[in-house]
Structure formats: C-alpha cells, structure tokens
Enquirer: 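Got a structure for you, questions after.
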Amino acid sequence: MIRFFNTLSRKLEPFRPLDPGKVKLYTCGPTVYDYAHIGNFRAYIFEDLLKRFLKFMDYEVIQVMNITDVDDKTIKGAQSEGLELEDYTKKYIQAFFEDLESLNIDKADYYPRATEHILDMAKMITGLMNKGFAYRQDGSIYFRISKFPNYGRLSGMDLAKLKPGQRTEADEYEKESVQDFALWKTKKEGEPFWETDIGAGRPGWHIECSVMSSKYLGQTFDIHCGGVDNIFPHHENEIAQSEAYSGKKFVNYWLHCRHLIVDGEKMSKSKGNQYTLRELLEKKHDPAALRLLLLATHYRKMLNFTFAGLRQAEASLQRIRDFIYELENRKFKKEENKDIPKLVEKTRKKFIEGLSNDLNISVSLTALFEMIRRVNINLAKEKLGPKNAEELLSLIYSFDKVLALLPEKEKTSLSVDIEEKIKAREKARAEKNYELADKIRQELLESGVVLEDTKDGVRWKIKKSK
RNA sequence: GGCGCGGUACCCAAGUGGCUAAGGGAGAGGUCUGCAAAACCUCGAUUCGUCGGUUCGAAUCCGACCCGCGCCUCCA
C-alpha cells in the first residue's frame, strides 16, 4: 500500500487514485524569467521521484507541468532587455528543458503555457463572475474570498488573523477585501495584453493552474505538487477558483516539498548562494551526483546544500557504479550462489516498502547499499555465478527506473591514442620498466583516465569529476 | 505577532515505545599490488539539543527551555 502525506489533512493517507491504475498528476512548473536554480530542481526531482515510483508500481501516470510565461517578473525582464515577452521567455524555456535532461528528469506529458490558454482563462473568469465569485473593479477582476467558506483550509490560515504582508501592492487598494486576489489585470501602459471577452489585459498568476489542470486532467484529479511556498497563497487560490467554478473537489492529494537552503542559509541572489544547475556543471560536478543529493533527503525535510555534501554524493554514486562495473566485467565461475535470489527478493521488498511510505527514499537506498555490501563480500570470496550477477544487475537497473542515476548509454570508448599508451605501459610493466610505466600512468591520469591493475589485467575508468 | 517544521557519530541521514540506534561519506587498520591508485573487507554513537515527567521500559510520549529554519499576497 502506498501512503502519502497530504497537506490537506496533514496526515499520512493511503493512496487511491480516482481511476484504478491511473494517476493524474499536476506539478507546478517554472516561471521562465531566469535560469532555474538548484532549489527549483529539488522540487522537480521530488516530483520526478514520485512519478517514476508510481510508474514503477505499474500505474499509468499522466503528468502536466505548467510554464508560467507571463507574470510580473517575465514582463519586467522582457522590458529591461527591450525584448518582446515571447522572445525573452523563449531562452529560459529552452534552458529549462535542457536542464531537465541533464538531471534525467522524466518528461511530463503536457507543458502548457499560460500565454497559450488566455481564452480558456477568460472563460473560467466569466464563469466565476456569473456565479458571484468574482467582481470587476477598475477593469481588473478579483476573486471574492468571502464567498468561498473553505478558503484557508489547505494552509491552515485563519483569515481573520491574516495580516496583510508588506508586499501588498498599491494598485490593489480598490479590492473589496485586501485578501481578494486578482484573476485578471486590466491593460496597463507598456505591458503585454490580450483582447478577450472580459476586456483587454492579462491574467493573474493563479488562474492558469486552475485552467490548465482541468483542461488536461479534468476538474478533479489525483495529485498536485509544488514547493511549500506555494501552499499559500497559490494553491489555496487554485482550490478556491477551481472548486467555486466546478462545484467539485479539485485535488485529492496535495504533496509539498520543503525548501533547499545553502550553507545553512536561505538562498538569495544578494547572498550570492543561489546556484543554477549550469554553474555547477561548469564546475565539473556530475549532474547525476546532484540528482542523488537532491533525491536522498526526504522531500518534507529541509535540505542543506553544501559542496561537501555534493562531493559525498559523488562518492556514494561511485560506489554504485563500481559495483555495477564489477558485476559487468568480472569473469565469474559457473557455480551459482543459492542465497542470491533470496537477497534479491528481500532487497526489492525493502526498496518498495521504503518508497511506498511517503517516498522514504532513505530506506530504499539503504536496501540498495546493504545489498551491495553483502554481494561484495561474496564477490571477494568468489562465491558468485554468472546468473547471480545477471539477476543482481537486472534488479539494480529496475531500481534505476526510479532513481535514474545511471545513464543508459555510458559506453565511453577511448581514443586510439590513449589505448596505445595503455599498451605501451603494459609493455613497460612486463619489462619491469616501472619508471616508464608510472610516467605513462601519470600522463593518462592528467588527461582524466584512471588505470587500475587487477588480477584480470589492467582496466581503466574515466576519472570522476574533481 | 499568527501558523508550522527540525536538532541522531567528524559530515549527510533512517529509525518515532521494547530485538545489536540503518545506510552513505570522511577517517583508521587490513586484502590486493612492482609500488601506487581504485576497489573490497573490518572498525566506528553505552547514546539520540538541554532539563524534568509518564512508563517495567523513551531517541521515540508529555512539559519547559535553548538553538536553527520555513510560510504569513504572485519565491520550488
């Protein structure tokens, strides 16, 4: 049984999708005004883990991730660079998809863009006005929170105690209540706008998710994810809009991940600790190691990113890779170890149990590493057969459908030049000319190739980064 | 001020009433090796922020305190 912690109830709940065997998943996507930073990717990787695990458990998953390509920040960014909005966001949308690929994040089925759903938004807003949930004020349209009694349920906010924040904008003075939020912002000089039935203007932020989720997943769907900062007001507002409009329950399970901090401090541009994936890749960090680092801490726990932590993740990952390398490259005797099938089953069971319990990845990784240790002991004693190795490999690769840490095509080949050098070194060693052999080994190391002399002969690896 | 989360070894991190407090990294010792490196093995917290309480029994439950962090109108 799979259980998730539902923000709505603040409890672990058994997961039961609307349609058995099928999961409809909506994940809040990026606002494309800049390159995404590692904090953003913590959320996307958590969502990826969720999705991959559901697929691993034989669910069919339909995932929608929105792309917010019109809002205050994208508009401001486009203005400051003197670009059309679309030309400005294009670059970051493309970068976003490249980053997803670097981190081996499974593609969503739909990536709807806000700017491509303006008419759908106008339609929903009209519906909300007809039902009395929205009103027009100076051309803009606001959601009337007082009409929606469940407002605040997701976040546990008590409306009466809500203090208006400091960022309340001056141009929103005219609302009936400070807490009412904009569905539609009337056309403003110098800003992009759309001509629609409800007038010329642009959408408020929250409406896009209500519109696009229902369009691709239906008015009620299974899971909605995002970072904790989205709980209030964004997801609260989505619920209000969607349920007011449809009269149906919007989402059954709300899953939110906590934030990532850097060196114990909140990430912020002014502190200079806001890393993008690109920056880390430029510093030659392994994207798979970053993926492991972001994956390995439970999603509802705060994650403190440090470079020491990243190096530890690199080392952990190397342990898995070396294990696979052994299984794939050793010459096994014919004799099979009868205990291995039992170990495989036990490991598979624990791996699944871990993730089934609100994505407790630590338990699952423990299962994997425990197995690696046990098998290594047998490996050292040469108590492993070819079938054993095959079975173990197939288990690890099945886990990797969830973890996605092992790129499939990692068959790097060496240049002829380097192969020549390895051969030359072998010759030198055979002649006991160790001085020359060591010199060649050092040269290869400097070009990133590590040589290891084993019983079965020399073997090489590409040096891990750093 | 309101609501909420967390403090487990040198670092990361499971465990949330009772078998030896997982696992990874780092470190130390060993195997292997021409020597290395890599890999592998072994070792490692009488103790879970502090102080009280409940209990036959607490890292786990309760209370107080200390420390760190998040949200409170467009930040994942």
Side-chain angles (χ1 to χ4, degrees), chain A residues 10 27-31 36-47 68 71-73 152 155-158 160-169 172 175 178-182 204-206 225-234 236-237 256-261 264-268 274 292-293 296-298 300-304 306 308-320 322-323 325-326 350 354 360-370 372-373 375-377 379-381 429 432-434 437-438 441-442 445 450-455 459-461 463-464:
Chain A
R10 287 172 197 76
T27 51
C28 272
T31 302
H37 54 66
I38 54 174
N40 300 122
F41 287 113
R42 177 186 200 190
Y44 303 139
I45 282 183
F46 140 64
E47 289 154 0
T68 303
D71 81 316
D72 292 348
K73 278 178 296 198
S155 55
M157 295 274 177
D158 185 344
K161 287 186 191 159
L162 255 188
K163 273 191 189 173
Q166 299 170 334
R167 281 182 285 183
T168 308
E169 285 180 28
E172 289 175 356
K175 296 184 289 187
V178 220
Q179 289 131 5
D180 289 350
F181 58 90
W205 175 37
H206 315 292
C225 301
V228 282
D229 54 294
N230 281 154
I231 296 172
F232 189 88
H234 184 50
E236 199 72 72
N237 292 352
H256 294 97
C257 69
R258 282 201 79 180
H259 279 186
L260 172 153
I261 58 175
E265 289 189 311
K266 186 177 173 165
M267 263 194 309
S268 72
Q274 196 171 55
L292 177 60
L293 179 66
T297 295
H298 183 80
R300 284 193 288 117
K301 227 184 142 176
M302 186 165 58
L303 191 159
N304 185 15
T306 61
L310 185 55
R311 280 191 294 274
Q312 288 183 10
E314 276 161 8
S316 288
L317 186 57
Q318 195 58 39
R319 184 170 165 85
I320 301 172
D322 285 329
F323 179 68
Y325 187 93
E326 289 296 333
K350 186 169 178 183
N360 190 333
I361 183 77
S362 299
V363 168
S364 299
L365 289 176
T366 293
L368 173 62
F369 281 110
E370 236 166 24
I372 290 177
R373 202 188 73 241
V375 173
N376 274 330
I377 293 170
L379 222 41
K381 292 180 187 162
R429 286 186 71 218
K432 297 209 191 290
N433 182 353
Y434 295 121
D438 289 353
R441 182 168 65 193
Q442 185 57 32
L445 185 64
V450 183
L451 291 189
E452 294 171 8
D453 300 321
T454 72
K455 252 192 298 196
R459 69 187 196 187
W460 58 270
K461 278 187 213 170
K463 194 171 74 172
K464 50 184 167 177

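Residue numbers begin at 1 in each chain, while the letters A, B, ... track the order of the sequences. Worth knowing before you read on, the calculation uses all heavy atoms, side chains too, and leaves out hydrogens, waters and symmetry mates.
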Enquirer: What pairs with A/Thr68 under side-chain hydrogen bond (donor to acceptor under 3.5 Å, both in side chains), at least two apart in sequence or on another chain?
Expert: A/Asn66, A/Glu208
Enquirer: Picking from B/C35, B/G70, B/A22, which would you name as closest to the side chain of A/Arg441?
Expert: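 Of the candidates, B/C35 comes closest.
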Enquirer: If the condition is side-chain hydrogen bond (donor to acceptor under 3.5 Å, both in side chains), which residues does A/Glu452 pass it with, not counting sequence neighbours?
Expert: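 Residues passing side-chain hydrogen bond (donor to acceptor under 3.5 Å, both in side chains) with A/Glu452: A/Arg459, A/Lys461.
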Enquirer: Provide a list of protein-nucleic acid N or O atom pairs under 3.5 angstrom, restricted to nucleotides 11-15 of chain B.
Expert:
residue, atom, partner, partner atom, Å
B/C11, O2, A/Gln312, OE1, 3.2
B/C11, O2, A/Gln312, NE2, 3.1
B/A13, O2', A/Ser362, OG, 3.3
B/A14, OP2, A/Lys301, NZ, 2.8
B/A14, O5', A/Ser362, OG, 3.2
B/A14, O3', A/Asn360, ND2, 3.3
B/G15, OP1, A/Asn360, ND2, 2.8

Enquirer: Across the strands shown, which category fits A/His234 at heavy-atom distances under 4.0 angstrom: base, sugar-phosphate, nothing?
Expert: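 Counting heavy atoms under 4.0 Å across all strands, no contact is made by A/His234.
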Enquirer: Kindly point out which of B/U73, B/C35, B/A76 is positioned nearest to the side chain of A/Met267?
Expert: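 Ranking B/U73, B/C35, B/A76 by closest atom to the A/Met267 side chain puts B/A76 first.
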Enquirer: Over all strands shown, is A/Asn376 touching base, sugar-phosphate only, or nothing at heavy-atom distances under 4.0 angstrom?
Expert: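 Answer is sugar-phosphate: A/Asn376 comes under 4.0 Å of backbone atoms only.
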Enquirer: How would you label the contact of A/Tyr434 with the nucleic acid (heavy atoms, under 4.0 Å): base, sugar-phosphate, or nothing?
Expert: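 Result for A/Tyr434 = base.
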Enquirer: To the side chain of A/Asn40, which of B/C75, B/U73, B/A22 is closest?
Expert: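 Of the options given, the side chain of A/Asn40 lies nearest B/C75.
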Enquirer: Can you name the side-chain hydrogen bond (donor to acceptor under 3.5 Å, both in side chains) partners of A/Asn376, sequence neighbours left out?
Expert: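 Listed in chain order: nothing, the list is empty.
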Enquirer: Of A/Arg42 and A/Ile261, whose nearest nucleotide on RNA chain B comes first from the 5' end?
Expert: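 Counting from the 5' end, the first nearest nucleotide belongs to A/Ile261.
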Enquirer: Which part of the nucleic acid, if any, lies within reach of A/Arg300 when heavy atoms closer than 4.0 Å are counted: base, sugar-phosphate only, or nothing?
Expert: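 Nothing, no nucleic acid heavy atom in range.
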Enquirer: Side-chain polar contacts of residues 38-47 of chain A - donor-acceptor pairs under 3.5 angstrom, sequence neighbours left out - could you list them?
Expert:
residue, atom, partner, partner atom, Å
A/Asn40, OD1, A/His37, N, 2.8
A/Asn40, OD1, A/His37, ND1, 3.3
A/Asn40, OD1, A/His37, NE2, 3.2
A/Arg42, NH1, A/Arg258, O, 2.9
A/Arg42, NH1, A/His259, O, 3.3
A/Arg42, NH1, A/Lys301, O, 2.7
A/Arg42, NH2, A/His298, O, 2.9
A/Arg42, NH2, A/Lys301, O, 2.8

Enquirer: Out of B/A22, B/C41, B/G70, which has the shortest distance to the side chain of A/Arg319?
Expert: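 The nucleotide sitting nearest to the side chain is B/C41.
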Enquirer: Listed by chain and number, what are the side-chain hydrogen bond (donor to acceptor under 3.5 Å, both in side chains) partners of A/Asp438, not counting sequence neighbours?
Expert: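 Partners of A/Asp438 under the side-chain hydrogen bond (donor to acceptor under 3.5 Å, both in side chains) test: A/Arg441.
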Enquirer: Could you work out which one of B/A76, B/C74, B/C40 sits closest to the side chain of A/Trp205?
Expert: B/C74
Enquirer: Give the nucleotide from the list B/C5, B/C71, B/G34 with an atom nearest to the side chain of A/Arg258.
Expert: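 Per side-chain heavy atoms of A/Arg258, the pick is B/C5.
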Enquirer: Of the nucleotides B/G25, B/A37, B/U42, which one has an atom closest to the side chain of A/Arg373?
Expert: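 Closest nucleotide to the A/Arg373 side chain: B/U42.
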